[in-house]
Number of protein chains: 2
Amino acid sequence: MTTTVHFLENSVKKPKPNADQIAFGKHFTDHMFVMDYETGKGWFDPRIVPYEPITLDPAAMIFHYGQTVFEGLKAYRTKEDRILLFRPEENFKRLNLSSERLSIPEIDQNLALDCLKELLEVEKDWVPTKEGNSLYIRPFVIATEPNLSLAPSQTYQFIIILSPVGSYYKEGIQPVRIHVEEEYTRAVRGGTGRAKTAGNYAAAYKAQEKATKEGYSQVLWLDGVEKKYIEEVGSMNVFFKVNGEVITPELNGSILEGITRKSIIEVLKDWNVPVKERKISLEELYDAYSKGQVEEAFGTGTAAVISPVGELNWGEKKMIFNDGQIGDLSQRLYDTLTGIQTGEIEDPYNWTVEVK
Amino acid sequence: MTTTVHFLENSVKKPKPNADQIAFGKHFTDHMFVMDYETGKGWFDPRIVPYEPITLDPAAMIFHYGQTVFEGLKAYRTKEDRILLFRPEENFKRLNLSSERLSIPEIDQNLALDCLKELLEVEKDWVPTKEGNSLYIRPFVIATEPNLSLAPSQTYQFIIILSPVGSYYKEGIQPVRIHVEEEYTRAVRGGTGRAKTAGNYAAAYKAQEKATKEGYSQVLWLDGVEKKYIEEVGSMNVFFKVNGEVITPELNGSILEGITRKSIIEVLKDWNVPVKERKISLEELYDAYSKGQVEEAFGTGTAAVISPVGELNWGEKKMIFNDGQIGDLSQRLYDTLTGIQTGEIEDPYNWTVEVK
Ligand SMILES: Cc1ncc(COP(=O)(O)O)c(C=O)c1O
Ligand SMILES: Cc1ncc(COP(=O)(O)O)c(C=O)c1O
């Protein structure tokens with residue numbers, strides 16, 4: 001790369017967490033990547049520094065007006081000890097899409113990817129060897145100007161932190177039970193649903209709390225306007241196999257454009273499985289279910305890749321999909337995507353990017 | 001108060017900004033108030049410390065999932081050198097309402113107010129003497145746990161910072177020109193509109209940018225569902241005087257429950273001016289306008305108290321209220337509220353709270 005990334009090595013190296021019981025998102029590596037932005041100057045001073053606290057004025061805009069975006073992706077170690085990323089350019093493309101919505105300056109995609117690769121080279125020992133484990137990557141941008149005015153910040157930091165994580169499925173793939181949320185709204189047309197931005201997430205805790213209380217593990221979100229159409233499940237996109245055809249809600253501005261979602265659609269097309277992105281209402285789904293036509297349901301996202309939905313609870317109506325078991329297509333998609341991500345199977349799509 | 005607030009004095013005292021040209025939200029006093037929270041332990045260690053940077057782990061939840069709430073109020077200096085707050089208990093009540101929506105632990109209202117008063121005693125020299133100037137108070141709560149899991153934080157900080165600000169109206173009250181936003185949405189039923197939380201604010205920058213580009217100073221927000229009903233203008237509630245009756249959008253979950261709004265309604269009732277909180281569509285407003293029935297329009301909020309709306313631009317339709325001048329009722333409300341706030345006139349409502 002043309003930009004020089006400064007490297008300040010951490011003299012202290014932390015012990016790695018026990019590979020068999022890593023809690024998600026609680027362990028961090030020895031270094032992080034940081035780059036600054038100032039209006040008029042652009043992005044500058046890319047650097048890899050010891051993982052350390054961020055120091056910000058209490059009036060920094062991130063604390064008051066939520067001008068921030070983030071991403072989430074993973075690095076996998078193959079059996080041959082290669083380190084692979086899965087479509088990372090898509091994450092940086094989406095980071096910029098999110099930034100556009102939040103009036104945050106864009107970052108050159110190639111520069112961002114190069115910086116991530118340099119960080120991963122420094123931290124390569126942190127990419128877990130145990131099957132199913134991986135290194136979770138969290139790039140994020142925060143508005144740092146100390147100013148209580150309601151206007152976009154003049155300064156930002158772009159930071160990447162790394163966190164070794166365990167397998168999402170420690171005891172085999174467990175289908176999840178999902179609660180349809182009819183009161184709270186995650187996102188609406190004209191809002192920020194399409195952006196990966198902090199405010200969307202804490203706003204969802206109340207609904208999650210309700211679902212948990214009623215014994216469900218996640219929430220199915222409906223559209224904010226009519227409260228009729230299916231949008232997402234938890235922090236995953238969602239797919240239904242109905243009568244041999246796979247249906248997923250179309251991108252409408254309030255749904256996050258998942259990279260796993262996009263990949264699943266491409267794989268299905270490649271396999272000649274009919275797949276449609278379109279509006280689908282709960283009513284329609286329930287109708288099809290009543291006729292015995294819903295064959296499989298699953299969520300998709302970086303964390304779980306595929307998360308089969310075993311049960312969907314819609315007020316008094318309950319839907320059990322595929323006897324609460326993972327379906328054949330879900331399993332095949334899971335095996336294919338995770339196989340490509342970990343280098344176990346060939347990557348005909350050129351999705352993986354190796355960190356040298 | 002029963003809780004002891006620790007006080008660590010700042011050995012350095014900053015010069016006060018020039019009273020004639022204070023930029024909003026850029027100057028801060030010598031001290032701030034901080035209190036911590038941990039699950040199981042509750043709120044602890046209330047303290048007044050030098051105004052200084054906050055140090056947080058890069059994985060602190062505030063940076064990723066937006067779990068945060070804030071408030072905004074002002075302290076005024078009277079001619080007799082008393083320091084007055086305006087209905088501060090309402091701000092801490094609303095802080096708790098916001099916190100409930102964001103799954104943040106509540107803070108005892110009385111405790112919070114006592115802490116604010118102690119901070120103001122320390123910083124009383126910072127309350128400006130110049131007429132129209134005041135000390136802006138920003139209480140806020142941030143989620144501080146370093147954890148990338150999607151769940152409420154186990155630790156928080158409650159912070160109060162103080163900022164001397166100039167008069168909103170340096171050259172007399174100027175009515176504002178407002179642009180109706182039809183594409184972007186601020187808030188929706190089931191969302192976080194009723195809460196004063198960071199995510200709502202950065203989400204509004206795109207619409208503000210559009211309005212500015214078209215020569216308007218602020219945005220009028222419509223409801224997120226039908227895009228028909230009037231909600232707020234910028235960060236203010238909005239009132240219309242139509243045919244002798246004052247109308248303001250009813251609280252519906254997506255509108256912020258302004259304390260100025262509440263006070264205006266009480267004053268109007270006291271004056272026997274008919275006032276209604278109800279749904280009002282732009283269509284209805286335009287109809288009334290076409291018939292010459294819209295007499296005045298104004299926004300309300302802590303910053304400006306009353307901000308007359310001179311012009312409302314709705315696509316091809318333009319509405320000019322009261323010849324673009326401040327109306328009699330708006331002026332009388334402004335004089336009354338600011339009079340009470342600054343101790344110039346009697347406070348029959350017992351709204352002001354003196355800091356001794
Ligand atoms: C709201 C939401 N939906 C869907 C997804 C899935 O996106 P991806 O497949 O890119 O991980 C995510 C992120 O993981 C998300 O936060
Ligand atoms: C979105 C929004 N609406 C209205 C208001 C007015 O509320 P208050 O009168 O309490 O200042 C505010 C805050 O100032 C606000 O942020």
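With a 4.5 Å cut-off on non-hydrogen atoms, A:L150 touches chain B through its backbone and its side chain both. Both the backbone and the side chain of B:L56 come within contact range of chain A, judged by heavy atoms closer than 4.5 Å. Contact annotation for B:R138: only side-chain heavy atoms (C-beta onward) come within less than 4.5 Å of a heavy atom of chain A. Only the side chain of A:T192 comes within less than 4.5 Å of a heavy atom of chain B; its backbone N, CA, C and O stay farther away. Heavy-atom distances place both the backbone and the side chain of A:Y205 under 4.5 Å from chain B.
Between the side chains of B:Y229 and B:N252, no donor-acceptor pair of N or O atoms lies under 3.5 Å.
Nearest heavy-atom pair across A:V34 and A:M32 is CG2-CE, 3.9 Å.
A salt bridge is absent between B:K196 and B:E71; no separation between the charged side-chain nitrogens and carboxylate oxygens falls under 4.0 Å.
A:K74 places none of its side-chain heavy atoms less than 4.5 Å from the side chain of A:I137. Using a 4.5 Å cut-off on side-chain heavy atoms (C-beta onward), A:D223 and A:K279 make no contact. Here the side chains of A:I104 and A:Y37 are not in contact, with every heavy-atom distance at 4.5 Å or above. Inter-residue side-chain proximity for B:Q218 and B:M236 is flagged as met; some heavy-atom pair is nearer than 4.5 Å. Proximity of B:L282 to B:L222: side-chain heavy atoms (C-beta onward) are separated by under 4.5 Å at one or more points. At least one side-chain heavy atom of A:T260 sits under 4.5 Å from a side-chain heavy atom of A:T302. In this structure, A:Y169 and A:S307 have side chains that are in contact, with non-hydrogen atoms separated by less than 4.5 Å. Side-chain contact between B:T212 and B:E209 is absent, with no heavy atoms from C-beta onward closer than 4.5 Å.
Remark: the backbone N or O of B:S99 is not paired with any side-chain donor or acceptor of B:R101 at under 3.5 angstrom.
Other residues, nucleotides and ligands place no more than 12 heavy atoms under 6.0 Å from the NZ atom of A:K26.
For A:F70 and A:Y201, the gap between ring centers is short of 6.0 Å. For A:F24 and A:Y168, the gap between ring centers reaches or exceeds 6.0 Å.
The candidate from A:A303, A:A198, A:A202 with the greatest count of non-hydrogen atom pairs under 4.5 Å with chain B is A:A198. Residue with the most contacts toward chain A among B:A203, B:A23, B:A151, B:P58: B:P58 (heavy-atom pairs, distance under 4.5 Å). When each of A:I54, A:V141, A:T55 is checked for heavy-atom pairs under 4.5 Å with chain B, A:I54 comes out on top. In terms of non-hydrogen atom pairs under 4.5 Å with chain A, the most contact-rich of B:P146, B:G199, B:A59 is B:A59.
Because its NZ or CZ atom is both nearer than 6.0 Å to the ring centre of B:Y51 and within 45° of the ring axis, B:K14 counts as a cation-pi partner of that residue.
Residues of residues 179-191 of chain B placed with any heavy atom under 4.5 Å of a heavy atom in chain A are listed by number as B:E183, B:Y184, B:T185, B:V188, B:R189, B:G190, B:G191. Taking 4.5 Å as the heavy-atom cut-off, the residues of residues 61-69 of chain B that approach chain A are B:I62, B:F63, B:H64, B:Y65, B:G66, B:Q67, B:T68, ordered by number. The stretch residues 153-167 of chain B places B:I161 near chain A, each with some heavy atom under 4.5 Å from a heavy atom of that chain.
The salt bridge (Lys or Arg N to Asp or Glu O under 4.0 Å) test applied to B:E100 returns A:K206, not counting sequence neighbours.
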